[in-house]
Participant: 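One structure is given below, represented as structure tokens, and several questions about it will come after.
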Amino acid sequence: MIKYGLDRVTELRFESITAAMERRDNQWVDIFLRFEVTGETPVPADLIDFSGLVICTLGGAIAQIVPQDEDIDCEYQFTAFEKEQIRTFIESAEIQQRITNLASPT
């Protein structure tokens with residue numbers, strides 16, 4: 001995690017990620033993430049309720065990855081390593097299938 005205005009970088013290693021999804025409109029799927037981190041990489045103490053938001057196209061392509069605190073944007077950003085862990089999760093077959101199911105007309 002990189003806090004805006006500070007030089008200190010903390011890299012989180014995610015043990016697990018869970019996702020809740022909703023189709024926003026005819027273009028986007030919002031994926032709300034919850035993380036379990038390893039004990040060696042604790043979440044910064046000033047985050048109250050750490051989560052993430054990934055915005056994807058209906059085809060499953062990632063448009064944006066945003067850290068959140070209490071379900072709103074916060075003053076942190078993910079490091080490249082953290083984004084790669086999230087990208088790998090989102091691009092997994094299971095998550096891509098869930099996106100496809102949401103994108104399909106009912």
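Values reported hereafter were calculated over all heavy atoms of this structure, with side chains retained and with hydrogens, waters and symmetry mates removed.
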Participant: Answer yes or no: is there a donor N or O on one side and an acceptor on the other, between the side chain of Gln85 and the main chain of Leu12, under 3.5 Å?
Facilitator: yes
Participant: Can you name the side chain to side chain contact (heavy atoms under 4.5 Å, CB included) partners of Leu47, sequence neighbours left out?
Facilitator: Met1, Val43, Pro44, Phe50, Asp69, Cys74, Tyr76
Participant: Glu11: what forms a side-chain hydrogen bond (donor to acceptor under 3.5 Å, both in side chains) with it, not counting sequence neighbours?
Facilitator: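 Residues passing side-chain hydrogen bond (donor to acceptor under 3.5 Å, both in side chains) with Glu11: Thr79.
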Participant: Identify, with sequence neighbours excluded, every residue that meets salt bridge (charged side-chain N to carboxylate O under 4.0 Å, His left out) alongside Glu75.
Facilitator: Lys3
Participant: Do the side chain of Gln96 and the main chain of Ile90 share a donor and acceptor less than 3.5 angstrom apart?
Facilitator: yes
Participant: How is the hydrophobic cluster of Ile2 composed, in terms of its other members, when Ile, Leu, Val, Met, Phe, Trp and Tyr link through side-chain heavy atoms under 4.5 Å apart, directly or indirectly?
Facilitator: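 Its cluster partners, ordered by chain and number, are Val9.
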Participant: Ala103 and Leu58: which non-hydrogen atoms are nearest, and at how many Å?
Facilitator: CB-O, 3.4 Å
Participant: Evaluate Gln64 against Val54 for side chain to side chain contact (heavy atoms under 4.5 Å, CB included), listing each step before the verdict.
Facilitator: CA-CA 6 Å; Gln64 192 170 12; Val54 178; over 6 Å; no
Participant: Kindly give the heavy-atom pair with the smallest separation between Val37 and Pro42, and that separation in Å.
Facilitator: CG2-CA, 4.3 Å
Participant: Rounded to the nearest 0.5 Å, what separates atom OG in Ser92 from atom CD1 in Ile17?
Facilitator: 9.0 Å
Participant: Mind checking side-chain hydrogen bond (donor to acceptor under 3.5 Å, both in side chains) for Asp49 and listing every partner two or more places apart, or none if nothing turns up?
Facilitator: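 Asp49 satisfies side-chain hydrogen bond (donor to acceptor under 3.5 Å, both in side chains) with Arg34 once adjacent residues are dropped.
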Participant: Applying side chain to side chain contact (heavy atoms under 4.5 Å, CB included), name anything that partners Asp30, two or more places apart in sequence or on another chain.
Facilitator: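 Testing Asp30 for side chain to side chain contact (heavy atoms under 4.5 Å, CB included), a comparison that skips the adjacent residues, returns Glu22, Arg24, Phe32, Leu53, Ile55.
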Participant: For Gln77, give me all partners under side-chain hydrogen bond (donor to acceptor under 3.5 Å, both in side chains), at least two apart in sequence or on another chain.
Facilitator: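 Gln77: no side-chain hydrogen bond (donor to acceptor under 3.5 Å, both in side chains) contacts found.
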Participant: According to a hydrophobic-cluster definition based on side-chain heavy atoms being under 4.5 Å apart (Ile, Leu, Val, Met, Phe, Trp, Tyr only), do Ile62 and Ile31 belong together?
Facilitator: yes
Participant: Run the side chain to side chain contact (heavy atoms under 4.5 Å, CB included) test against Lys83 and tell me which residues pass, sequence neighbours left out.
Facilitator: Ile65, Phe78
Participant: Output all residues satisfying side chain to side chain contact (heavy atoms under 4.5 Å, CB included) with Thr38, sequence neighbours left out; order by chain, then residue number.
Facilitator: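 Result, side chain to side chain contact (heavy atoms under 4.5 Å, CB included) vs Thr38: Arg13, Glu15, Glu40, Thr41.
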Participant: Measure the spacing between CD of Gln27 and OG1 of Thr57 and express it to the nearest 0.5 Å.
Facilitator: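 That separation rounds to 8.5 Å.
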Participant: Which ring-ring contact (aromatic ring centres under 6.0 Å, His included) pairs, counting each pair once, include a residue from residues 81-103, with sequence neighbours left out?
Facilitator: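 As it turns out, there is no ring-ring contact (aromatic ring centres under 6.0 Å, His included) pair with a partner in residues 81-103 once direct neighbours are skipped.
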Participant: How far apart are the C-alpha atoms of Leu33 and Thr18, what are their side-chain angles, what is the distance that settles it, and do they pass the side chain to side chain contact (heavy atoms under 4.5 Å, CB included) test?
Facilitator: CA-CA 6 Å; Leu33 303 178; Thr18 56; over 6 Å; no
Participant: Any salt bridge (Lys or Arg N to Asp or Glu O under 4.0 Å) pairs touching residues 86-98, not counting sequence neighbours?
Facilitator: none
Participant: So which heavy atom on Ala63 is nearest to which on Trp28, and how close?
Facilitator: CB-CZ3, 3.5 Å
